[in-house]
> 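Supplied in C-alpha cells, the structure appears directly below.
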Amino acid sequence: QVQLVESGGGLVQAGGSLRLSCAASGRTFSSYTMGWFRQAPGKEREFVAATSWSGSRTYYADSVKGRFTISRDNAKNTVYLQMNSLKPEDTAVYYCAATQCGTYCYRTLRSEYAYWGQGTQVTVSS
C-alpha cells in the first residue's frame, strides 16, 4: 500500500510558475513509477506527466510539453511537478498517482495506476 499526499497548489497569474510536490509513504517508493494527472470542472481526468522509478525516463502530454517538468527524489520519497508559463487552461485539480512498473517503465493511462492522492487545486488567472 502506498499513501500519496500532494501539496503546492494555489492561485497564480498566467505566465507564472508553481511547483507541486507529492510525498509518498508506505512501500518502497523507488520501485514505483509516478504520474501526474489533472481534472478540470466538467472534464475527464487527463494525463499530464509520468516518470519511471529511476527518474531516467519521463513522458508528457502534448499540452504541457516544454512547460512542465516532472522529477523525483527517491531519498525523500517525493515526486515534483514544476509548472512554468502557466495558462488559464491549466486550471484543474492535480493528482499524483503511483503504480509498480519495470525499471524504465512509465504509464500514461489513468486505469494503469493503483494509488492516488487526494489532489491539489491549481488556479491560473488571466
Side-chain angles (χ1 to χ4, degrees):
Q1 191 77 6
V2 175
Q3 292 80 42
L4 304 172
V5 179
E6 302 96 334
S7 61
L11 173 65
V12 64
Q13 289 189 329
S17 298
L18 281 175
R19 188 175 81 155
L20 305 182
S21 299
C22 174
S25 60
R27 295 201 174 175
T28 306
F29 174 73
S30 60
S31 66
Y32 285 77
T33 190
M34 302 295 295
W36 285 96
F37 289 73
R38 66 186 182 187
Q39 188 167 16
K43 294 189 176 181
E44 294 289 318
R45 192 172 300 187
E46 65 175 6
F47 170 78
V48 175
T51 178
S52 60
W53 71 258
S54 67
S56 62
R57 296 193 70 186
T58 57
Y59 190 80
Y60 298 91
D62 287 343
S63 59
V64 306
K65 202 172 294 182
R67 300 188 298 123
F68 291 11
T69 302
I70 188 171
S71 62
R72 65 191 295 164
D73 185 338
N74 288 342
K76 295 182 178 180
N77 287 358
T78 302
V79 64
Y80 304 97
L81 185 68
Q82 178 66 44
M83 305 186 294
N84 298 329
S85 302
L86 282 161
K87 305 175 181 179
E89 51 264 43
D90 294 319
T91 295
V93 177
Y94 283 71
Y95 299 89
C96 75
T99 196
Q100 287 188 300
C101 201
T103 304
Y104 301 108
C105 168
Y106 54 81
R107 298 290 187 219
T108 62
L109 297 180
R110 179 181 176 182
S111 60
E112 294 175 311
Y113 283 86
Y115 304 101
W116 293 84
Q118 83 290 348
T120 185
Q121 177 71 46
V122 172
T123 304
V124 184
S125 63
S126 56

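The residues of the chain are indexed from 1 along the displayed sequence.
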> Assess the residue pair Thr91 and Gln121 against the criterion (side-chain contact (heavy atoms from CB on, under 4.5 Å)); give the C-alpha distance rounded to whole Å, side-chain angles, the decisive distance to 0.1 Å, and a yes or no.
CA-CA 8 Å; Thr91 295; Gln121 177 71 46; 4.0 Å; yes
> Test Asp90 against Lys87 for salt bridge (Lys or Arg N to Asp or Glu O under 4.0 Å), laying out the working first.
CA-CA 5 Å; Asp90 294 319; Lys87 305 175 181 179; over 6 Å; no
> Apply the test side-chain contact (heavy atoms from CB on, under 4.5 Å) to residues Thr69 and Leu81: give CA-CA distance (whole Å), side-chain angles for both, the deciding distance (0.1 Å), then the verdict.
CA-CA 6 Å; Thr69 302; Leu81 185 68; over 6 Å; no
> Considering only heavy atoms from C-beta outward, does the side chain of Val12 approach that of Thr123 to under 4.5 Å?
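Val12 does not reach Thr123 side chain to side chain.
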> Taking atom NZ of Lys65 as the centre, report whether more than 12 heavy atoms of other residues, nucleotides or ligands fall under 6.0 Å from it.
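More than 12 heavy atoms, drawn from other residues, nucleotides or ligands, come within 6.0 Å of this atom.
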> So which residues get pulled into Tyr104's cluster when ILVMFWY side chains under 4.5 Å apart are joined, directly or through others?
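Besides Tyr104, the cluster holds no residue at all.
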> Can you tell me how far apart OG1 (Thr51) and OH (Tyr32) are? Round to the nearest 0.5 Å.
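The OG1 atom of Thr51 sits 16.0 Å away from the OH atom of Tyr32.
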> For Tyr80, is the NZ or CZ atom of Arg19 found under 6.0 angstrom from the centre of its six-membered ring and inside 45 degrees of the ring axis?
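Judged by the rule, Arg19 and Tyr80 form a cation-pi pair.
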> Nearest 0.5 Å, please: how far is CZ in Phe47 from OG in Ser63?
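Between Ser63 OG and Phe47 CZ, I get 9.5 Å after rounding to 0.5 Å.
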> Check whether Phe37 and Met34 end up in the same hydrophobic cluster, where Ile, Leu, Val, Met, Phe, Trp and Tyr are linked by side-chain heavy atoms less than 4.5 Å apart.
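No, Phe37 and Met34 fall in different hydrophobic clusters.
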> Go through the structure and list residues passing ring pair (Phe, Tyr, Trp, His ring centres under 6.0 Å) with Tyr95, not counting sequence neighbours.
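Not a single residue meets the ring pair (Phe, Tyr, Trp, His ring centres under 6.0 Å) criterion with Tyr95.
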> Let's go through Ser71 and Gln82 carefully: what are the C-alpha distance in whole Å and the side-chain angles of both, what is the deciding distance for side-chain contact (heavy atoms from CB on, under 4.5 Å) to 0.1 Å, and is it a yes or a no?
CA-CA 8 Å; Ser71 62; Gln82 178 66 44; over 6 Å; no
> Side chains of Ser17 and Asn84: is there a donor and an acceptor less than 3.5 Å apart?
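On atom types as modelled, these side chains qualify, holding a pair under 3.5 Å.
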> Assess Arg72 against Trp53: is NZ or CZ under 6.0 Å from the centre of the six-membered ring, and within 45 degrees of the ring's axis?
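No, Arg72 and Trp53 do not form such a contact.
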> Side-chain heavy atoms under 4.5 angstrom apart, residues restricted to Ile, Leu, Val, Met, Phe, Trp, Tyr: same cluster for Tyr115 and Leu20?
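Linked within one cluster.
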> When clusters are formed by joining ILVMFWY residues with side-chain heavy atoms under 4.5 Å apart, either directly or through shared neighbours, do Val48 and Tyr106 land in the same one?
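In one cluster with Val48: Tyr106, no.
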> Using modelled atom types only, decide if a donor and an acceptor are shared between the side chain of Ser52 and the backbone of Arg57 within a distance under 3.5 Å.
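Such a contact is found between Ser52 side chain and Arg57 backbone.
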> Using the rule that two of Ile, Leu, Val, Met, Phe, Trp, Tyr join whenever any of their side-chain heavy atoms come within less than 4.5 Å, decide whether Tyr59 and Tyr113 are in one cluster.
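Yes.
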> For the side chain of Arg38 and the backbone of Val93, is there at least one donor-acceptor N/O pair under 3.5 Å apart?
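No.
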> Which value, rounded to the nearest 0.5 Å, describes the distance between Thr120 atom OG1 and Trp36 atom CH2?
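One finds 7.5 Å between OG1 of Thr120 and CH2 of Trp36.
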> Is Glu6 reaching over with its side chain to a backbone N or O of Gly119, donor-acceptor style, under 3.5 angstrom?
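Confirmed, Glu6 side chain pairs with Gly119 backbone.
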> Once salt bridge (charged side-chain N to carboxylate O under 4.0 Å, His left out) is applied, do any residues pair with Glu89, and if so which ones, sequence neighbours excluded?
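For Glu89 there are no salt bridge (charged side-chain N to carboxylate O under 4.0 Å, His left out) partners, ignoring immediate neighbours.
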> Can a donor-acceptor pair be found, under 3.5 Å and without considering hydrogens, that links the side chain of Thr78 to the backbone of Ala23?
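The answer is no, because no donor-acceptor pair under 3.5 Å joins these two groups.
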